[in-house]
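First the structure, in the form of structure tokens, and then the observations on it.
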Amino acid sequence: MNRSQIEEFIEKYEPDDFKWADPKDFFIGQWVRMKCMYGCPAYGKQGCCPPNTPSIPECERFFKEYSEAVIIKYEVKLDDPKKRHAWTDKRNARLAKLERDVFLAGNHKAFVLFIDPCHFCKECIPERTQCQQAMIARPSPEAFGVDVYGTVRKYGFKLDVRSHYDQIMRRFGILLVE
């Protein structure tokens, strides 16, 4: 793995910031899954969201298989909350391209977690075997049980709960590499 080459790839997709991290140190919690189940309108309706994702113990094992990760921050201040998905979809598309670049550079275990649920299709078919964008659709960190607030704060990023849409929105994707 060539860190400087990976950093060049990351910069190409214009993040606001990024930091290297140890995925074994990520905070993973069942409570994150409960927030998906009881509070997220995408629950059960998307192929990259719970319950269509691995169990929390499987996710914990998954992260232990990686020695390196990059936490990638994107932020924006939107005047219209309806623009959120268009903004996050563009960043998720960049992250999918980043994963491919890193993979083609010889990092066969490269895997990215999106900043928001996957919305590549107008209508998602929740069954993973029927996914129309299976090559690029990826889960968010939350879908894999990552306590994003605790994890990114551990690495020095600022992240607070937004109480109004006129506040800066910070989203974090994760690139896993070996």
Side-chain angles (χ1 to χ4, degrees), residues 1 6 10 15-76 81 84-85 87-89 91-92 94-96 98-99 102 107 109-120 124 126-128 131 134 136-165 167-178:
M1 178 189 63
I6 291 171
I10 293 168
D16 289 294
D17 197 4
F18 66 89
K19 293 183 182 182
W20 288 90
D22 184 344
K24 293 170 191 72
D25 291 339
F26 288 0
F27 297 119
I28 312 296
Q30 187 66 42
W31 73 267
V32 180
R33 182 63 52 88
M34 294 300 118
K35 293 287 273 189
C36 289
M37 288 176 70
Y38 302 102
C40 181
Y43 184 81
K45 297 178 182 171
Q46 293 187 310
C48 291
C49 289
N52 303 310
T53 53
S55 69
I56 295 300
E58 289 172 309
C59 292
E60 289 174 322
R61 282 196 315 270
F62 170 75
F63 287 115
K64 289 177 183 173
E65 293 179 5
Y66 286 88
S67 62
E68 299 273 2
V70 184
I71 299 172
I72 303 166
K73 178 181 87 169
Y74 287 102
E75 65 180 33
V76 69
R84 178 186 136 206
H85 288 298
W87 182 81
T88 59
D89 290 350
R91 273 81 200 156
N92 283 346
R94 290 177 184 178
L95 290 170
L98 169 63
E99 180 192 286
V102 173
N107 300 281
K109 286 176 64 174
F111 192 84
V112 77
L113 298 171
F114 286 166
I115 67 170
D116 208 27
C118 177
H119 294 111
F120 286 138
C124 182
E127 178 59 45
R128 287 289 306 147
C131 180
I136 59 172
R138 296 291 183 269
S140 67
E142 294 89 347
F144 269 37
V146 177
D147 170 358
V148 174
Y149 285 88
T151 299
V152 304
R153 286 175 180 160
K154 179 177 185 162
Y155 286 94
F157 288 108
K158 179 181 168 73
L159 182 60
D160 295 313
V161 174
R162 291 184 332 144
S163 56
H164 300 285
Y165 269 99
Q167 297 171 325
I168 293 174
M169 179 174 63
R170 292 180 180 90
R171 298 286 178 176
F172 295 87
I174 296 173
L175 172 66
L176 297 150
V177 291
E178 185 61 31

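Numbering of residues begins at 1 and proceeds along the displayed sequence.
In this structure, the salt bridge (Lys or Arg N to Asp or Glu O under 4.0 Å) partners of R171, at least two apart in sequence or on a different chain, are D116. The side-chain hydrogen bond (donor to acceptor under 3.5 Å, both in side chains) search around R138 returns E99, not counting sequence neighbours.
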Worked verdict on I174 versus F26 for side-chain contact (heavy atoms from CB on, under 4.5 Å): CA-CA 11 Å; I174 296 173; F26 288 0; 3.7 Å; yes
Test side-chain contact (heavy atoms from CB on, under 4.5 Å) applied to R94 and I10, step by step: CA-CA 9 Å; R94 290 177 184 178; I10 293 168; over 6 Å; no
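A distance of 9.0 Å separates CD in Q30 from CD in E60, rounded to the nearest 0.5 Å. How far OH of Y74 is from CH2 of W87: 8.5 Å, rounded to the nearest 0.5 Å. Interatomic distance, OH of Y149 versus CG of L159, reported as 5.0 Å (0.5 Å rounding). To the nearest 0.5 Å, atoms NZ (K45) and SG (C40) are separated by 9.0 Å. Here the CG-CG distance, from L176 to N107, works out to 12.0 Å after rounding to the nearest 0.5 Å. Rounding to the nearest 0.5 Å gives a distance of 11.0 Å between NE2 of H85 and CG of N92.
Between Y66 and P23, the shortest heavy-atom distance links the atoms O-CG, 3.3 Å. For the pair C49 and A143, the tightest heavy-atom approach, listed with the atom from each and the gap, is CA-CB, 4.4 Å. For the pair R33 and C59, the tightest heavy-atom approach, listed with the atom from each and the gap, is NH2-SG, 4.3 Å. When all heavy atoms are compared, the tightest approach of V146 to V32 is O-CG1, 3.7 Å. Between V102 and A110, the closest heavy-atom pair is CG1-CB, 3.8 Å. Residues P15 and I72 share a closest heavy-atom pair of CB-CG2, 3.6 Å.
Proximity of a side-chain donor or acceptor of Q46 to a complementary backbone N or O of C118 within less than 3.5 Å is detected.
Between Y155 and F172, the distance from one ring center to the other does not fall under 6.0 angstrom.
The number of heavy atoms from other shown groups lying within 6.0 Å of NZ (K109) is above 12.
Using a 4.5 Å heavy-atom threshold, the side chains of H119 and C124 count as separate. With contacts defined as side-chain heavy-atom distances shorter than 4.5 Å, the pair Y43/P117 does not qualify. Side-chain atoms of L175 and F18, non-hydrogen and from C-beta on, never get closer than 4.5 Å to each other. With a 4.5 Å cut-off on side-chain heavy atoms, P139 and L113 count as touching. In this structure, the side chains of S67 and E178 come closer than 4.5 Å at one or more pairs of heavy atoms. Taking the side chain as every heavy atom from C-beta outward, I56 and I28 approach each other to under 4.5 Å. Inter-residue side-chain proximity for F27 and K154 is flagged as met; some heavy-atom pair is nearer than 4.5 Å. Contact annotation: the side chain of V148 approaches that of E142 to within less than 4.5 Å [non-hydrogen atoms, C-beta and beyond].
Each of L95, D89, T88, I136 was compared with F114 under the side chain to side chain contact (heavy atoms under 4.5 Å, CB included) criterion, and only L95 meets it.
Taking the ring centre of Y165 as origin, the terminal cationic atom of R162 falls inside the region bounded by 6.0 Å and 45° from the ring axis.
Sorted by first and then second residue, the salt bridge (charged side-chain N to carboxylate O under 4.0 Å, His left out) pairs with a member in residues 16-25 form an empty list; sequence neighbours excluded.
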